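Remember, it's a predicted structure, so these values are computed and weren't measured experimentally. As the structure lists them, so they are numbered: ligands from 1, and atoms in each ligand from 1.
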Amino acid sequence: MTAAEISQWETVIGLEIHAQLATSSKIFSGASTAYGAEANTQACAVDLGLPGVLPVLNREAVRMAIRFGVAIDANIDHQSVFARKNYFYPDLPKGYQISQFEHPIVGKGQISISPAEGEHKLVGITRAHLEEDAGKSIHDQFPEQSGIDLNRAGTPLLEIVSEPDMRSAKEAVAYARKIHSLVRYLEICDGNMQEGSFRCDANVSIRRRGSDQLGTRAEIKNINSFRFLERAINHEVERQIEVIEDGGRVVQETRLYDSERDETRSMRSKEEANDYRYFPDPDLLPVNISASDIAEIRAALPELPEQKKQRYISELGLSDYNAELLTANRDTAVYFETAFAEADATQAAVLVNWILGDLAGALNKAGLDITESPINPAALVQLVARIADETISGKIAKQVFDAMWQGEGNADEIIEARGLRQITDSGAIETLIDEVIAANPEQVEQFRAGKEKVLGFLVGQVMKESRGKANPGQVNALLRDKLK
Ligand code: ADP
Ligand code: MG
């Protein structure tokens with residue numbers, strides 16, 4: 001496909017995100033939600049849907065949903081209703097899933113995303129509702145047979161449905177990351193995508209640029225990383241353009257993303273909503289939420305990423321971009337704040353540069369999370385302090401950082417052991433300068449004849465002689481003096 005062909009089309013994306021709520025027991029029973037237990041050891045009579053048992057709503061799950069709602073400035077209905085969504089599947093023993101349909105707990109809200117440096121966009125959130133997860137079918141453990149594990153049945157989920165407001169895979173990823181960050185800040189979901197605690201379905205359609213009608217969408221399931229989300233959407237967009245340009249039409253269907261083959265393929269044509277025969281669950285009372293419940297939850301909200309970001313900008317003078325990066329992941333913000341609490345207040349920007357630069361790079365390369373960093377916040381503060389008090393230069397600090405990363409000790413120990421202390425004794429620096437002047441008569445001549453640029457070369461020579469340890473500012477000043 002040529003770029004021109006692609007550019008006639010506009011992409012439209014809406015996401016459905018399932019965030020597993022971090023309650024210790026299930027949404028309608030007391031069974032544990034802990035991940036990784038032996039199959040079918042955490043499913044009780046309620047989760048199995050045995051006759052004669054009744055669901056009892058987990059108050060904590062409701063509180064968590066409301067926490068999310070107030071964080072996105074959504075309408076919270078004072079009455080919310082659970083409904084049965086009827087369908088048959090082997091991992092759904094009751095024959096229906098308890099979900100919400102007409103009266104979701106969280107109504108319309110919105111969230112601001114930043115798809116690229118300096119870009120901001122508001123994405124509408126249609127609703128967020130509570131529901132129970134289904135069990136799991138296991139197809140790879142028994143030859144010619146499938147197993148059913150019902151441990152996951154009844155695990156509380158918050159399904160967060162966006163408006164079809166995203167216009168590219170990049171925007172969809174920025175949105176998904178933002179929600180991911182938010183639920184972790186709120187401590188309502190652990191966000192673990194490998195374990196399925198945070199899952200995205202992408203609804204994708206295309207339309208001719210300029211059209212204000214929505215095209216037919218395909219829903220892509222089975223996406224378990226942000227990277228795959230971007231790839232799956234881009235593939236799906238290309239596929240739909242090809243279908244239409246070949247004279248066909250896109251059919252509404254559910255497609256599965258296959259990360260190994262990097263393609264989407266059809267799973268089933270889409271059921272219409274009324275196929276599910278939704279109706280209010282007679283076993284569960286409507287949930288009444290008072291204004292004071294909501295106010296109480298609102299008052300107990302932690303500082304949210306957006307507020308944190310604005311505070312970093314206004315109080316610490318960080319750039320919009322750095323503040324965004326620092327707050328995007330709660331653990332990064334915690335690392336920074338722990339460090340900053342021990343650092344000199346003037347060192348905010350320098351600390352941030354180390355965290356977002358060398359530290360982030362090293363973590364990324366090692367595939368480590370910042371909570372697993374071999375260099376803890378206090379250790380990084382010490383390193384930064386040694387640059388500030390001129391014990392070492394910024395350049396030598398990188399060597400010290402690498403050694404700290406390798407576990408050679410803290411900054412002071414490494415500086416001592418390797419003899420890296422900066423040379424600030426002007427007598428010692430002058431000796432080096434004299435040597436360099438003697439060894440480079442030609443360059444000295446050129447400088448004296450007015451060629452300013454040569455000074456950089458001579459400074460470089462002195463730094464090299466000192467093995468990087470001379471104080472660069474002093475070298476500069478003293479060298480100028482001598483050359484006069
Ligand atoms: P369902 O529950 O059947 O999947 P919804 O109406 O709840 O259907 O929509 C699900 C998601 O699909 C929402 O995030 C919505 O924004 C998105 N969506 C709806 N129509 C389109 C479309 N034409 N193109 C892209 N996304 C769409
Ligand atoms: Mg859907």
Side-chain angles (χ1 to χ4, degrees), residues 9-19 68 72 74 82-87 89 96-111 113 121-134 157-180 198-223 229-230 232-241 243-244 249-257 264 266-279:
W9 298 98
E10 179 175 56
T11 304
V12 175
I13 304 156
L15 294 189
E16 288 162 279
I17 292 176
H18 286 89
F68 177 78
I72 59 159
F82 283 97
R84 291 187 181 178
K85 180 179 184 179
N86 299 280
Y87 64 94
Y89 209 72
Y96 61 85
Q97 174 192 25
I98 306 178
S99 180
Q100 299 195 294
F101 189 55
E102 273 178 314
H103 300 281
I105 197 148
V106 175
K108 267 193 188 313
Q110 59 181 27
I111 196 162
I113 63 166
K121 169 168 181 164
L122 277 180
V123 174
I125 292 175
T126 318
R127 58 187 271 153
H129 63 256
L130 281 169
E131 62 184 24
E132 59 176 348
D133 207 346
L157 300 178
L158 186 66
E159 175 169 344
I160 304 159
V161 183
S162 85
E163 291 289 304
D165 283 350
M166 276 76 73
R167 292 292 173 271
S168 66
K170 279 236 157 7
E171 286 186 12
V173 170
Y175 167 79
R177 282 187 184 279
K178 196 79 191 219
I179 297 285
H180 186 255
F198 189 90
R199 322 197 280 262
C200 285
D201 299 340
N203 292 271
V204 180
S205 66
I206 57 167
R207 62 183 174 192
R208 292 226 176 251
R209 226 166 257 290
S211 157
D212 55 6
Q213 306 229 315
L214 289 176
T216 306
R217 72 185 145 118
E219 178 174 358
I220 314 167
K221 290 197 180 282
N222 204 29
I223 304 171
L229 176 62
E230 180 160 358
I233 292 172
N234 284 332
H235 274 283
E236 180 57 20
V237 168
E238 275 192 34
R239 187 190 69 85
Q240 292 186 11
I241 294 176
V243 167
I244 294 180
R249 57 181 195 88
V250 175
V251 293
Q252 186 163 334
E253 62 181 350
T254 302
R255 299 179 70 84
L256 267 193
Y257 177 64
T264 65
S266 184
M267 183 163 93
R268 57 171 186 252
S269 70
K270 179 84 190 167
E271 307 87 356
E272 287 303 314
N274 59 14
D275 282 348
Y276 289 125
R277 254 179 62 246
Y278 278 102
F279 64 87

Next on the checklist: Please give me the minimum heavy-atom distance between Tyr175 and Ile113, naming the atom from each residue.
Outcome noted: CA-CG2, 3.6 Å
Next on the checklist: List ligand 1 atoms under 4.0 Å from Glu163, heavy atoms only on the residue side.
Outcome noted: 16 (O)
Item to check | Leu15 and ligand 1 - part of the residue with a heavy-atom distance under 4.0 Å | outcome: backbone
Checklist outcome for this item: All heavy atoms of Ala19 vs all of Ile160, minimum pair found to be CB-CD1, 4.5 Å
Next on the checklist: So for ligand 1, is Ser162 a polar contact partner (N or O within less than 3.5 Å, distance only)?
Outcome noted: yes
Checklist entry - Only one of Phe279, Tyr278, Phe82 clears ring pair (Phe, Tyr, Trp, His ring centres under 6.0 Å) with Phe101; which? => result Tyr278
Checklist entry - Which of the listed options, Arg217, Glu219, Gln252, holds the heavy atom that is closest to atom 5 (P) of ligand 1? => result Arg217
Next on the checklist: Tell me whether Arg239 is salt-bridged to Glu253, with the criterion being a basic N under 4.0 Å from an acidic carboxylate O.
Outcome noted: yes
Item to check | Option whose closest heavy atom lies nearest to atom 7 (O) of ligand 1, chosen from Thr254, Ile125, Val161 | outcome: Val161
Checklist outcome for this item: Ser205 and Thr216 have their tightest heavy-atom pair at CB-O, 3.3 Å
Item to check | Proximal ligand 1 atoms for Pro164, defined as those under 4.0 Å from one of its heavy atoms | outcome: 16 (O), 26 (N), 27 (C)
Next on the checklist: Under 4.0 Å from a heavy atom of Leu214: which atoms of ligand 1 are those, numbered in the order shown and with their elements?
Outcome noted: 23 (N)
